[in-house]
Every structure is written in C-alpha cells, then in structure tokens.
Amino acid sequence: MSRGGVFLGYHFIDEDGSFVLEEPDNSSYLYLPLVNPAGVMSSITPDGHGDNKLSQDEFLLPPVSACDLHGQAPSRNFWCYIRGYGPWSVYGQSAAQESRRYTDHAEPVSMTAGPFWQKIMRTCPETGLKAEVLSFCPVTDTKAELMKITLINEGDKPISLVPLTAILLFGRGADHIRDHRHVTSLLQRFRITEDGIVLTPSMTFDERGHQVNRESYGVFARQDANRHPDAAIPLVDDFIGEGGSLLWPQAVVHMKQNDLWKSAGDHAEGKEGIAALRFAEITLQPHKSTSFQIVMSYNDDGKEYLNRERMDEAFLQMKEYWSMQKSILFKTGDSNFDFWMQWVTMQPQLRRIYGCSFLPYHDYGRGGRGWRDLWQDCLALILNDPEQVRGDLLSFFAGVRIDGSNATIIGSRPGEFKADRNEIVRVWMDHGYWPYATIQLYLDASGDYDFLFEKNTYFSDSQLQRGELISKKQNLTPDHQLMTKNGKPYEGTVLEHLLVQQLTQFYDVGDHNHMRLRGADWNDALDMAADKGESVAFTAAYAANIGDMAKLLRHMKEHKKTDKVWLAEEILLLLEVKAKQYESSDEKQQILKEYCEKTGSGVSGKRKAYPVEKLASQLDWMSAWIQNHIRMTETVEDGEGSLWFNGYYDNHGDPVEKSQDGVRMMLTGQVFAILSGTATDEQVARIARAADRYLYDQKVGGYRLNTDFHETKMDLGRMFGFAYGNKENGAVFCHMAVMYAYALYERRFAKEGFKVMKSLYEQSADFDSSRIYPGIPEYFDPDGRGMYTYLTGAASWMVLTVMSQMYGVRGYKGNLQLLPQLLAEQFDRDGCASVTFHFAGRKLNVVYINRNHLEVGDYEVEEILLDKTKLSFDFKKPEIKRELIKDLSKDEIHKIRVILQ
Ligand code: G1P
C-alpha cells in the first residue's frame, strides 16, 4: 500500500499472486477454496482437511466447520508404507508424524498456493522420500477435484514402498452429519471398479419423503504408465480395524496380514465409507520419481484426468482461467499490496459461487445468497464488466414486493427467490437501500439509462404489509408474481421498483420519525428491537438514495427528453402528501398502511403519468427533510471536541448512543451520516476524531464496529450476547470499516480514509497476527486473527474503494472520471501509480504521474494523454468522454497518462 510494507509471513512468487508459505502446518484454521465452473465447492487445508460438495445435499467429503479442521484426521490422505521404516503420510497425518511435529525433529513442510490451487511439499528426513501434493479443480464442466501426488527419492538409497489413498466418502447431505448419521450410513452401497470406489446410496433420506438416489460419489486413482490400484477397502471400519484410528489405520500398519482388501467387481454396504486404494509395491531409485493421479468426483466425472499429461494440462488451463478472471490490476509503490489486492478482487467471484455458505467458517445457510449480498457482490463485477451483469441485475428486481420489502433468499437460477431460508417472517430495513446504490454504479459505469425502463414483475407471497400480516387467502402464483385485478402478472419498470423501495421506507417510521429497524438493518445481529427500534444509520442512507434519485430523474429528463414517468396508480398515494404530514410518524405509518392495503391483494394494473420535475422536487424535499431531522436530533458530543451521530433506538424507544453510562458509539451510524452528506464537513472532522478516540485499535486492524456496552442488551440484538471484540460486537468488521473509508474519501477526507484502508490491509497481511492467506476477512477477532475468510462483502467494497476513491477512476454518467486521492507514499519511487481495467469494453491502463511526489490535496490533474494524444478536459472534473474510449480498438491495452501537478 505504501513503500515499505508489512511482514507477510508468505512471499509472492509470480504475477498471478501465487505465494510460498513455509511450515504452513504451524498455523491454525488456514484453508484455501478449490472451485470450478461446474459448481464444485471445496476447501483444503495444508494437511488435507476440508470438504467437497456440490450443494447442501451433495457432500462427497464429510462437511466440516472451522473447528473440525484440526480436531480429527483429514478427509484426504495418502499413505506410503515404506519398507524398513513404516507408515508415512504425505500430509503428515499419521500418529507418528503428529507426535514428532512438536519436537525438534519436525518434518520440513512448505506450501505454494495460487488461485485456486495448493501444492504441499513434505520430506521424510530419515528416508529422503519427498512428496509433492497438488490439489485443484479443472475449469471445465467436470464435477471433480483433482490431486496429483509426486513421490521423489531425494536420498541416495533405493526406497521401496506401498502407496495408497485414504479418502473419506460421505456421499449425502450436510444435515446428516448429525441427523440420522448412522441410519444414513445403512443406505451406503459401494462398488469397487478397476480405478476406484463408487458410492451410490440406495436413497436420499428425508423423513418428509424418501427419494430414490441418483447421485454417485467416487474416488479414482492411477499411477504413471496407466497403472491401476491393485486392491481396495471401501469401509472405514475395515480400514482402521477394531479400536483403530484414521491416524494409525490397521490396514496400513499391518498391510500384508490384512485380508479385507477387495478387488474390482466386489461390493460392500451399510457403513461409513472410505476410498482406500492400494497400488503394488514400487522401488524408487535415488533421484527418481513417480506420480499418482487421483480424481474425487460425482457421477464418474473426470476420469479422463487419470493420466499425467491430461492432469498437467488441466492444471495449466486452470491457472490461465483464473488469471484471466482478474481484470483489475493495481500497481502502487508496494508490490505486496498489489498482489494482495489481486486476491481481494477474486473474492466477490467466490461469493458468487459459494454464496454465504460452504467454506469452513461459513457453516451456516443451505446455499443461495442473501438479498444484501447479492447486490453488493455485483459492485466489483460491475467495475469489471457492466454488460455482463446487466441481465442479473434486471432479474433481481423480481424479488421486490410492491410494499417495498423483498424475498430474502436467492436460489441458484436467476430470478429464483424464496421469502426466507428458515421460513421466518422478517424484514431487514436496509434491503431497499442496496439495489439503488448498485444500480447507480451500474448506470455511471455503463451510461445505460435505458436500463431504468426495462420491466420486471414484483414478488408476491403470503407476507403482506412489510411483514406485519400473513395472508392465508393470498392467491399465490407458482412464480410468486404480483397479479393485476385482471389476473395478469403486473410488470413495472426498474425505476418504479427502485422508487417503491425508497418511498415505502420514507413512511415506515417509528416514534422518533426515523425508519423502523424491524428485523435488523445491515447489522444482522441487531435483531431484537422489531417493535420500537429505529435505525437512524439507514434513515440517513435512504436520504442519500432519495436525493440521488432526484438527480437521476433530472438527468434522465435531459437524456430521454421525456418529462413524465409512468407509475402504477397506487404509488401516487405515496407522492401526493403534504409537507406537514412528514412531521408526524403516526400519519406516515397511516399512509403506508393505506398503500399496503390497496396493493396487498394485487394492483389495478393501471399506470399514471407523473411529471419528472414534480417527482424530483418531491424526492428532494423528502431527502432534505430526513437529513435536517437527523442533524437536529441525533448528534452526540463528548464535551472534548468529538462528535458522533446516534445511530439507533432500542426496543424501549431509547437512543442507544446517547448514554448516561459512559461513551457508547457505533460505526455504522457515522458511516451513513458521512456518506449521505447528512454530516457537515466540520462534523465529519469531529466524527473522525471520535472514531480515532473511541473505536480505533491498531492491533486488531483499525476501527471497531462499536465500543464495549458492558451489557447484554436484550432490547437491541444478539450481538450483545457475543463476547466483546468478536463479529458484530465490536470487532473490526471489515465491511463497515471499508465503507467508513469509502465515505471519508467521498467527502474528500483522503488521509483519514487512507488510515482506515492501511490498517485493514496491514492487519490482513500481517500473517503472524492474522494467520490468513492473502485477502480480506469478514472481521478480526480480539487477537487480530482474520475470521470468515473469502466470503465477505468487504471485498467488493475494498475493490470499489481502491478503484473509485483512492485511484478516483470511476464511471460518471457513462464517462470516465479521473479524480485521484492517492497519498504521496502510495506512488512508486518514480512517482507513478497505475491501474489496468476495462471500461466501455476497452482495456485501459491509467498511469498517474506525480513526479514531484506531491501530497494529496496539493496536486491536481494537469494533463491527460490518451495513447499519446493530449485531451482537453474540465480541470474541476477531469473526465474522458465515453465515445472517445469506444472509438479505441478492442484488442490492445490503451495507455492513459495522467500528469499530476
Ligand atoms: C455478513 C453478512 C452481511 C451482513 C454483515 C453484518 O457480512 O454477509 O450480509 O450485513 O455480516 O451483519 P459480510 O459477509 O458481508 O462480511
């Protein structure tokens, strides 16, 4: 991030961001995702732990949570029974190796990893046998994880050994890790083939209705020169022996005496499974090697990779594929930061695949993504290629209800929604905020204002009146579509959906005339104040959306040369309101109720034209009213110069941060007061001072989410039940911390914003403390450890903040704006900082040149050269017209040199 950098623990070795980590087994909880476009979702630790699945109901390896990663033998193992020495595991996963790990004779282990592959190198010092274990998924439509094991004799004597795999076969859904685990093992049916073991359970177990099972799970292996395994054991009990363990299995320890080995054509059933595949004894001469190809797959997929050349080829293809996915590359004065950012840039893609479930820390949910995450994950994707995201964005609007609430869980198909994964009636009051924030970015990046006039349906189910009423009579369509009185699905424009979301929120207020907290806001753990709770934080956030929509409407008026928008006639009820009524929360709730009742059982289907200017003025008014109301009522001061905004009211209707019991401060309220423009510039400076004083803690990555309330606040949310400093209760929660930085930059407080970003980066990259691979975690625990790695909205916001705020490279009404806020220390020794990315379908490389190493605030954009052509621009808002970029050729990278003076 700045010249100098931090201690990483690992070191980057190539342009792909691959890195080497010595002794990875000395750190806990490390895991890497292995993933492919066919939907294989795997995780792997340096010692073979982790699982592999296609969905909640299809786990090939047993499901694991983070705490299982070190507690039991791993799902993947490979043994060598070395003559004259005994059993040795390539992952160090034998009882003997485990016990020596803690002595001076620990075996040397090293790991190299990249997106998304891992290679472990381990040597047995006594024999000179070295093993390299490579793991990855092919990037085809093959549902498989591949493993290549290379054994090398680095000693000076021949080594004779019997090699064998020991890979657990779970073959059922994650629920059965506890729910009827034994009973479901009775369904297991194993078949030994010439390459491996195939498990096809007789049925899928579900007490609501058992089904015939059609899925099979298999492990296959071959040695170089097409050698097949010569024997197999499919049952764990037989493999470990009576009283045995996976760390010292009797089938390995007493290999020759064991008569339980089976051959191709044999069967077994009714017990927990393992793919123990044994090869014939080999002798490795000094400096010679041999390798084994192992395929773990679904329905016999991927057997073509049981061949060394094919597997090597697949590995190269996979590296190229993931390298091509990285379409934003930063170059600052700190190459470690640049590589680290490459990993952060990949994280939103991982969440697209894994959702918020299916990695060891993310041991909740059943797949699919939540509404909020769905929209935010698009932020980074929009920066890459807005056109590619357009269809998804449009389909998401089918999840909006006409009352402004929405379905919360998104299935795997576009446009597939469910009300809630637990069938709980719950309204998150922030959900209406994110779509507009995302669409604004999309419009700025693409200039595609026609998108606002695209149409989609509304979601309709039994939840009415923003979750207040459950209808038993509701006439539900199979597709959950809102119908008109004439029985046709009603379709409204994107613009109308967005308006509905903001307008209904405006009226959904509590006693203090701020928006009701309802089920929670962004902070999922503020879930116990549904009756009287209010979120001032998100009231400010919506004020910004409402005000920005007014600007958008005026821009569209120019753009489309239309001065009317067509809205469902019922919506007009939310627009024809007298200013006086805004002052009364009761009147607002009454208006909302009336609107919900009118639309609850369908809409008339009639649309009315509404003048754009009238609509924009109305929205301006609403936005200004909210901001003024918050400014007047919600500031808190400590009497020593610091100021912050009270962000919440609890279920007793009391303000949370205006406390008599010492300072109580929450970051979220500050972020949205700043970002929305509710806080004045002078107030922003004082908020930053308060955050430095009450929330900043350098050893855990910077700005905490809140101070310690020393109270289990049962009238606000479960977060107060968490030990302080963890997750939503006072951890440095990266998502909100990055948004704090984003808000500060947006208000041109670049040095303050940089401090937030630098703390997050340094904590993530300080391996000694964070113990995570490159990337940003969800939060840092009280010891500074990175938690919930990979699947976090923090990544999208990090990419967005670095790109559009630090570098100031962003779309603005379809043009490319260049407003850097980089600090002097972020430029390299020559005064350069660059970013390569796509815009308007062209590949661009923007290089900022700050020859005199001027500090932010002291420089301005003086000159812009596009492929050597000097451009004229407005010094206050330097930008390049979209048409100019569109005229560039598609097949080369175009350089934009920006001189700062
Ligand atoms: C997680 C959830 C996100 C929620 C946040 C705070 O954060 O996925 O929806 O807003 O907790 O409760 P994330 O995974 O984005 O870091």
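Counting starts at 1 for both ligands and their atoms, following the listed order. All residue numbers in this chain count up from 1 along the given sequence. Just so it is clear, the structure is predicted and the values come from calculations on it, not from any experiment.
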Peer 1: Taking atom CD as the centre, does Gln698 end up with more than 12 heavy-atom neighbours from other residues, nucleotides or ligands that are less than 6.0 angstrom away?
Peer 2: no
Peer 1: Report all protein residues having a heavy-atom distance below 4.0 Å to some atom of ligand 1; order the list by chain, then number.
Peer 2: Arg351, Arg372, Asp373, Trp522, Asn523, Asp524, Glu728, Phe733, His735, Glu778, Leu791, Thr792, Gly793
Peer 1: Exactly one of Asp377, Asp521, Asp430 should register a side-chain hydrogen bond (donor to acceptor under 3.5 Å, both in side chains) with Arg372. Which one does?
Peer 2: Asp430
Peer 1: Ser405: which residues meet the side chain to side chain contact (heavy atoms under 4.5 Å, CB included) condition with it, sequence neighbours left out?
Peer 2: Arg401, Asp403, Val427
Peer 1: Got a sec, which residues hit side chain to side chain donor-acceptor pair (under 3.5 Å) with Lys713, two or more places apart in sequence or on another chain?
Peer 2: Asp650, Asp715
Peer 1: Side chain to side chain donor-acceptor pair (under 3.5 Å) with Tyr807: which residues, sequence neighbours excluded?
Peer 2: none
Peer 1: Has Lys758 got its NZ or CZ under 6.0 Å from the middle of the six-membered ring of Phe337, at an angle within 45 degrees of the ring axis?
Peer 2: no
